[in-house]
Amino acid sequence: MMKKIIILLLLCSCKTEKRNINHMISNAFTLNVNMKSGVLAFSTWNDSSFGIKVVDIKTDSILFSKEIKQNCFTKPKIFDDKLCFPESNEVLCCYNFKKNLLLWELKTKGRVRELEFIKGNVLLLSIDEYGVIAVNPNSGKIIYELLLNKNNCLVDLAPTNINYDDEFFYLTDFNCNSISAYEIGTGVLKWSNNEISGLSNSLIVKDYIFLGTNNNYETGQINLFELKSGKKIFTSNIQFESMMNPVLFEDKIYFYTYDSKLYEFNSTTKKINLIYQFSKDNDISGSQIFILDNFLYIQDVSYNLNRINLNNFEKMILQKDKKGLLGIYKIDNKVKFIY
């Protein structure tokens, strides 16, 4: 049943603001901002060579640098002093990046599309056309495997969206299910839902998991499931853009639709608000939404960096950029944008 959509159409402010600090990274593909460790980890290319680097956020000094065999489109991930990344489409490696020490290597059955540390106890690898592998991050030994079935499901190349809480991890678009919950320690399936068709994206909000789905840009939905039971408690038909990750602020989820609209979904009241209608000239398709404090930062098709205040939904253009925005962080009360 469709919930009433409260439309909050807002006029774009023409004001600009004093430029913030830009951090330019040459030829970067993927970026992981790890404020807990105080580093940026990213993959780069230069002519025919590829590499992984770790940079100290405060000093900009390079802490780790390694050439790899193939370009890495997967974000390198850090937990404590461990840095894990695909060295090629056949090998994943893990280093102590502070000591430049190789801890272990693992041969994989294909390209690692996504990797995620879960509480430091498990490293999950999503591998193209193979499945999901749980690895001990200290030894590199495989704990268990969740293999793809042979049903030729529409979007089962490899799940790219991994969420987790204290007990379970949650996969989207895996083994013909839109969303599935597995025990972290054992990989045992807790619950799943296969009622929804399309490519999905998800995030956890309090006791629920939010799932947005795009069915070949013909139809779409947003849904809310209970984490413990998998019971669906909310659904609404809306043209969800699954290629743009939803973001969370307090109990509200912000997501984009392929008809160029930015929405706010309140997980407590179950209300959907339209907060901005973009046009052809300032569409944000192909970008990602970044959130910092109570602001959304989004780059549009003209490389304008937009900031939306979540207190009043005022939209402001901060600056015009030359490259795509990779990430954002705050240090010494200054916002830094990474390109």
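All values below were derived from every heavy atom in this structure, side-chain atoms included, with hydrogens, water molecules and symmetry-related copies excluded.
Counting heavy atoms from C-beta on, the side chains of Leu92 and Leu123 come closer than 4.5 Å. The side-chain heavy atoms of Leu310 and Ile291, taken from C-beta on, include a pair separated by under 4.5 Å. By the 4.5 Å heavy-atom criterion applied to side chains, Leu103 and Cys94 are counted as neighbours. Annotation: side chain of Lys82 is in contact with side chain of Asn138 (closest heavy-atom distance under 4.5 Å). Here the side chains of Leu63 and Val55 are not in contact, with every heavy-atom distance at 4.5 Å or above. Taking 4.5 Å as the limit, some side-chain heavy atom of Lys119 sits within range of a side-chain heavy atom of Tyr164. Between Asn309 and Met316 there is no side-chain heavy-atom pair separated by less than 4.5 Å. With contacts defined as side-chain heavy-atom distances shorter than 4.5 Å, the pair Asn237/Thr219 does not qualify.
Tyr297 and Phe295 have tilted rings, their planes meeting at an angle from 30° to 60° on a 0 to 90° scale. Taking the six-membered ring where tryptophan is involved, the planes of Phe255 and Tyr263 are essentially parallel, since the angle between them stays under 30° and well short of 60°.
Of the possible polar contacts, one joining the Asn306 side chain to the Ile298 backbone as a donor-acceptor pair under 3.5 Å is found. Of the possible donor and acceptor atoms, none in the side chain of Asp332 sits under 3.5 Å from a partner among the backbone N and O of Lys334. Under the 3.5 Å distance criterion, the side-chain polar atoms of Asn193 are matched with a main-chain donor or acceptor of Glu195.
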Exercise for review: List the steps and the verdict of side chain to side chain contact (heavy atoms under 4.5 Å, CB included) for Glu145 and Tyr130.
Suggested key: CA-CA 9 Å; Glu145 295 184 334; Tyr130 186 77; 3.1 Å; yes

Point to revise | From CA spacing to verdict: side chain to side chain contact (heavy atoms under 4.5 Å, CB included), Leu262, Leu296 | key: CA-CA 11 Å; Leu262 182 66; Leu296 300 181; 4.1 Å; yes

Exercise for review: Show the numbers, then the answer: is there a side chain to side chain contact (heavy atoms under 4.5 Å, CB included) between Met244 and Ile284?
Suggested key: CA-CA 9 Å; Met244 185 177 294; Ile284 60 174; 4.0 Å; yes

**Study point:** Val112 vs Phe85, side chain to side chain contact (heavy atoms under 4.5 Å, CB included): CA-CA, chis, key distance, verdict
**Key:** CA-CA 9 Å; Val112 177; Phe85 56 89; over 6 Å; no

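Listed by chain and residue number, Asp251, Lys252, Thr268, Thr269 satisfy the side-chain contact (heavy atoms from CB on, under 4.5 Å) test with Asn266 (two or more places apart in sequence, or in another chain). The ring pair (Phe, Tyr, Trp, His ring centres under 6.0 Å) check on Phe64 picks up Tyr95, with sequence neighbours excluded. Residues that satisfy the side-chain hydrogen bond (donor to acceptor under 3.5 Å, both in side chains) test with Thr257, not counting sequence neighbours, are Asp259.
The shortest non-hydrogen separation linking Pro137 to Trp104 is O-NE1, 2.9 Å. When every heavy atom of Pro86 is checked against every heavy atom of Ile68, the shortest pair comes out as O-CD1, 4.1 Å. Heavy atoms only, all atoms of each residue included: Phe225 and Gly230 are closest at CD2-O, 3.3 Å. The two residues Ile118 and Phe169 make their nearest non-hydrogen contact at CD1-CB, 3.8 Å. Nearest approach of Leu325 to Ile338, heavy atoms of both residues: CD1-O, 3.5 Å. Closest non-hydrogen pair, Leu148 versus Asn175, comes out as CA-OD1, 3.3 Å.
Shown here is Tyr144, whose OH atom has more than 12 heavy atoms of other residues, nucleotides or ligands within 6.0 Å. Sparse packing is recorded around NZ of Lys109, with 12 or fewer heavy atoms of other residues, nucleotides or ligands lying under 6.0 Å away.
Atom OG of Ser126 and atom CZ of Arg111 lie 10.0 Å apart (nearest 0.5 Å). With rounding to the nearest 0.5 angstrom, the CD1 atom of Ile289 is 12.0 Å from the CG atom of Leu248. Of the inter-residue distances, the one linking Ser302 atom OG with Asp283 atom CG reads 10.0 Å to the nearest 0.5 angstrom. Arg307 contributes atom CZ, which lies 10.0 Å from atom CG of Leu292 (distance to the nearest 0.5 angstrom). For the atom pair Asn89 CG and Arg113 CZ, the distance stands at 10.5 Å (nearest 0.5 Å). Here the straight-line distance linking atom CZ of Phe174 with atom CD1 of Ile179 works out to 12.0 Å at 0.5 Å rounding.
The residue from Asp207, Val205, Ile209, Thr235 that alone fulfils the side chain to side chain contact (heavy atoms under 4.5 Å, CB included) condition with Leu224 is Val205. Of the residues Leu125, Ile133, Asn136, the one that meets the side chain to side chain contact (heavy atoms under 4.5 Å, CB included) test with Ile142 is Ile133. Checking each of Ser200, Ser178, Ser180, Ser242 against Thr172 for a side chain to side chain contact (heavy atoms under 4.5 Å, CB included) leaves exactly one that passes, namely Ser200.
Using modelled atom types, one finds no donor on one side chain facing an acceptor on the other under 3.5 Å when comparing Ser197 with Asn215. A donor-acceptor contact closer than 3.5 angstrom is absent between the side chains of Asn100 and Lys66. In this model, a donor atom of one side chain and an acceptor atom of the other lie less than 3.5 Å apart for Tyr339 and Asp321. A side-chain N or O of Tyr217 and one of Glu241 form a donor-acceptor pair less than 3.5 Å apart. Side-chain contact, Ser61 with Asp56: no donor N or O sits under 3.5 Å from an acceptor N or O.
Cluster membership for Phe117 and Ile127, using ILVMFWY side-chain heavy atoms within less than 4.5 angstrom, is shared. Hydrophobic cluster membership is shared by Leu102 and Ile52, with clusters built from Ile, Leu, Val, Met, Phe, Trp and Tyr side chains linked at under 4.5 angstrom.
For Glu90 and Lys69, the salt-bridge test fails: no basic side-chain N is under 4.0 Å from an acidic carboxylate O. Ionic pairing of Lys77 and Glu114 is present here: one or more N-O contacts between side-chain nitrogen and carboxylate oxygen are shorter than 4.0 angstrom.
In this structure, the ring of Phe210 has its center no less than 6.0 angstrom from the ring center of Tyr208. The aromatic ring centres of Phe265 and Phe234 sit less than 6.0 Å apart.
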Return a table of donor-acceptor pairs under 3.5 angstrom between the side chains of residues 29-42 and protein atoms on other chains or two or more places apart.
residue : atom : partner : partner atom : Å
Thr30   : OG1  : Ser43   : OG           : 2.8
Asn32   : ND2  : Pro76   : O            : 3.1
Asn34   : OD1  : Lys36   : N            : 3.3
Asn34   : OD1  : Ser37   : N            : 2.9
Asn34   : OD1  : Ser37   : OG           : 3.3
Asn34   : ND2  : Ile78   : O            : 3.2

List the atom pairs, with distances to 0.1 Å, where a side-chain N or O of residues 183-192 and a protein N or O form a donor-acceptor pair under 3.5 Å, not counting sequence neighbours.
residue : atom : partner : partner atom : Å
Glu183  : OE1  : Thr186  : OG1          : 2.8
Thr186  : OG1  : Val188  : N            : 3.2
Trp191  : NE1  : Leu227  : O            : 2.8

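Pairs of residues two or more places apart, or lying in two chains, that qualify as salt bridge (charged side-chain N to carboxylate O under 4.0 Å, His left out) and include a residue from residues 292-303 are Asp293-Lys330.
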